[in-house]
Amino acid sequence: MSDAESPPSYYRATATAYGGFAAHSGRSSADVVVIGGGYAGLNTALGLVERGQSDIVLLEAQRIGHGASGRNGGFVFAGYSLGEAALLRQLGPDHARALFLCTLGGVELIRKRVGRYRIPCALVDEGVLWANWFRDAEVLRARQRFLAERFGVHWDWIPRETLRELLRTERYGDGLWERNALHLHPLNYAIGLAQAAAAGGARLHEESPALALERAGQGWRVRTAQGEIEARHVVLACGGYLAGLEPHIDRAILPIATYVMVTEPLGARLRDCVNTDAAVYDTRFAFDYYRPLPDTRLLWGGRISVRDRAPQAVRDLLYRDLLRVYPQLDGVRIDYAWSGLMSYARHQMPQIGRRAPGLWYAQAFGGHGVGPTTVAGELLAAAIASDDSAWQRFAPFGLASAQRPIGFAAAQASYWWYQLKDAWKGWREG
Ligand SMILES: Cc1cc2nc3c(=O)[nH]c(=O)nc-3n(C[C@H](O)[C@H](O)[C@H](O)COP(=O)(O)OP(=O)(O)OC[C@H]3O[C@@H](n4cnc5c(N)ncnc54)[C@H](O)[C@@H]3O)c2cc1C
């Protein structure tokens, strides 16, 4: 569905006006062509600009932030879709620590850029709460201990009684507070990145899908509906909205949907439920995630599915979830509901690398992409601008096929399995 056809999300309805970027036309050349106007592409373009390179073209099939980057929960925190313990098991302590800590660098860079470029994206630097859906507190203790001992990262313990003051629900046990985290208006953040890259000389084009990619001498040729560009480097950053340009890169991805809705402005009722400015998610595999918005609305997200659902179906599903936690919101009006596609690899880690000389990719950020896409942009910009090899830290997480369509069935089955396990645990606790 194109942006023109889709009903507006809350983010689209409150987007910064920026006049748009003209569609691409004509024959030209550039040092770098970036394909995809989500965070991965925008951060690469801006990273290049910040390194003194401006001969960059960025092509976005629809509008900036059309994909996950303009639809997400707005949580900005450390880590990846793959949990820290699995990262450590797979890579060993030094490598795992280095990869985890660079996402903290990503969070910090987001703060800095929002300040430096004055991006009006309603950034709230009040951390993220991880609320225990269960009474058994061991999952919190184990994670708190693990992060402190292995990575030197401290999350604060929030006892049940304190958490009840912050989140006015009987639903949760204790919680952890990731202080070094924030939340923001994701689409306005994407638009701000785009404007910063354009101000630095990058040429951005919306409504300009890249239709074909082929070798041209030592470089590459990218065709659009009304033109073509020859470039030394091409960066593919199309997330779950598959580009259809290079089969090995596309087939490594499973596009998975997740859903968001936004209530009407709640006024004083908001503090009767969410009495904190932090963003919140819970300890289940299929967790709810939510945060207060500046105009007293509540943004509520959750669910993972292989199906991209229509707004009414999203609304119905998420409304039930909302009332399980905050029954006091019964009857509240839902003003917006939408879905978005995340891109997952089988190994649940980002795929950042080089497929062939001059052909780069950054994808598979899953549901935990705002920080890691910032890291990816930095790594690829440094690789292209100065031959930096730090991107090779992601080499263990390659382009293994996601095996669509069987991969979809496997992903849905494992989601149901974990959902069942969580339901069983909840039932046993009574
Ligand atoms: C509903 C939802 C909630 C989420 N919540 C969070 C959260 O709270 N915190 C968090 O860290 N992460 C969250 N995520 C994940 C995060 O949003 C993503 O990991 C991240 O935005 C991925 O960025 P991207 O640039 O890789 O992909 P995208 O943002 O999807 O961008 C890809 C772009 O490529 C374009 N494109 C595709 N093909 C072509 C082509 N041929 N030519 C030109 N352009 C093309 C698409 O139109 C699209 O705009 C969420 C995701 C969703 C969907």
Side-chain angles (χ1 to χ4, degrees), residues 1-3 9 11 24 33-45 57-81 103 106-107 110 128 181-184 186-187 189-190 193-194 204-213 222-225 234-246 249-250 253 255-261 279-281 287 289-291 299-305 308 314 318 337-344 350-352 361-374 376-377:
M1 205 187 267
S2 76
D3 276 348
S9 68
Y11 298 137
H24 177 261
V33 173
V34 177
I35 302 178
Y39 297 143
L42 292 167
N43 281 310
T44 305
V57 171
L58 183 144
L59 300 173
E60 164 52 48
Q62 310 250 355
R63 280 192 279 173
I64 294 299
H66 165 78
S69 302
R71 298 162 186 260
N72 64 62
F75 289 47
V76 183
F77 42 15
Y80 301 92
S81 285
T103 63
V107 173
I110 291 169
V128 168
L182 52 107
H183 57 102
L184 46 66
L187 178 58
Y189 172 60
L193 292 177
L204 276 65
H205 300 283
E206 295 178 298
E207 309 289 344
S208 301
L211 301 176
L213 171 70
V222 179
R223 292 189 197 278
T224 63
V234 170
V235 178
L236 280 172
C238 296
Y241 297 77
L242 306 175
L245 296 170
E246 212 283 348
I249 294 178
D250 263 18
I253 286 302
I256 299 283
T258 173
Y259 312 128
V260 181
M261 69 177 188
V280 185
Y281 67 118
F287 52 81
Y289 51 94
Y290 54 95
R291 63 191 183 93
L299 177 142
W300 187 275
R303 308 266 172 163
I304 312 169
S305 173
D308 205 6
V314 169
L318 294 187
W338 66 91
S339 71
L341 294 176
M342 308 173 285
S343 61
Y344 273 93
Q351 295 165 327
I352 301 169
Y361 55 85
Q363 60 181 15
F365 296 95
H368 209 116
V370 188
T373 48
T374 313

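Each ligand, and each atom within it, is numbered from 1 in the order the structure gives. Nothing here was measured: the structure is a model prediction, and the numbers come from that model.
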* Asked: Where do G240 and P255 come nearest, in terms of heavy atoms and distance?
  -> O-CB, 3.5 Å
* **G106 versus T374, closest heavy-atom pair with distance** => O-CG2, 3.8 Å
* **From CA spacing to verdict: side-chain contact (heavy atoms from CB on, under 4.5 Å), M342, T258** => CA-CA 7 Å; M342 308 173 285; T258 173; 3.5 Å; yes
* **Partner of L58 by side-chain contact (heavy atoms from CB on, under 4.5 Å), out of I35, T44, I64, V33** => I64
* To do: Report the relative orientation of the aromatic rings in H66 and Y241; use parallel for angles under 30°, tilted for 30 to 60°, perpendicular for over 60°.
  => perpendicular
Measure and list all N/O to N/O distances between ligand 1 and the protein that fall under 3.5 angstrom.
from	atom 1	to	atom 2	distance (Å)
ligand 1	5 (N)	G73	N	2.9
ligand 1	8 (O)	G73	N	3.4
ligand 1	8 (O)	G74	N	3.3
ligand 1	8 (O)	F75	N	3.0
ligand 1	9 (N)	F75	O	2.8
ligand 1	11 (O)	F75	O	3.4
ligand 1	11 (O)	G369	N	2.9
ligand 1	11 (O)	V370	N	2.9
ligand 1	12 (N)	G367	O	3.2
ligand 1	12 (N)	G369	N	3.1
ligand 1	17 (O)	A68	O	3.4
ligand 1	17 (O)	N72	ND2	3.2
ligand 1	19 (O)	G366	O	2.9
ligand 1	21 (O)	S69	N	3.3
ligand 1	21 (O)	S69	OG	2.9
ligand 1	23 (O)	S69	OG	3.2
ligand 1	25 (O)	Y39	N	3.2
ligand 1	25 (O)	A40	N	3.0
ligand 1	29 (O)	A68	N	3.3
ligand 1	29 (O)	S69	N	2.8
ligand 1	29 (O)	S69	OG	2.5
ligand 1	30 (O)	A68	N	3.0
ligand 1	38 (N)	Y241	O	3.2
ligand 1	41 (N)	A210	O	3.1
ligand 1	42 (N)	A210	N	2.9
ligand 1	44 (N)	A61	N	3.0
ligand 1	47 (O)	E60	OE2	2.6
ligand 1	49 (O)	E60	OE1	2.7
ligand 1	49 (O)	E60	OE2	3.2
ligand 1	49 (O)	G67	N	3.4

* Is the ring centre of H368 less than 6.0 Å from the ring centre of F77? -> yes
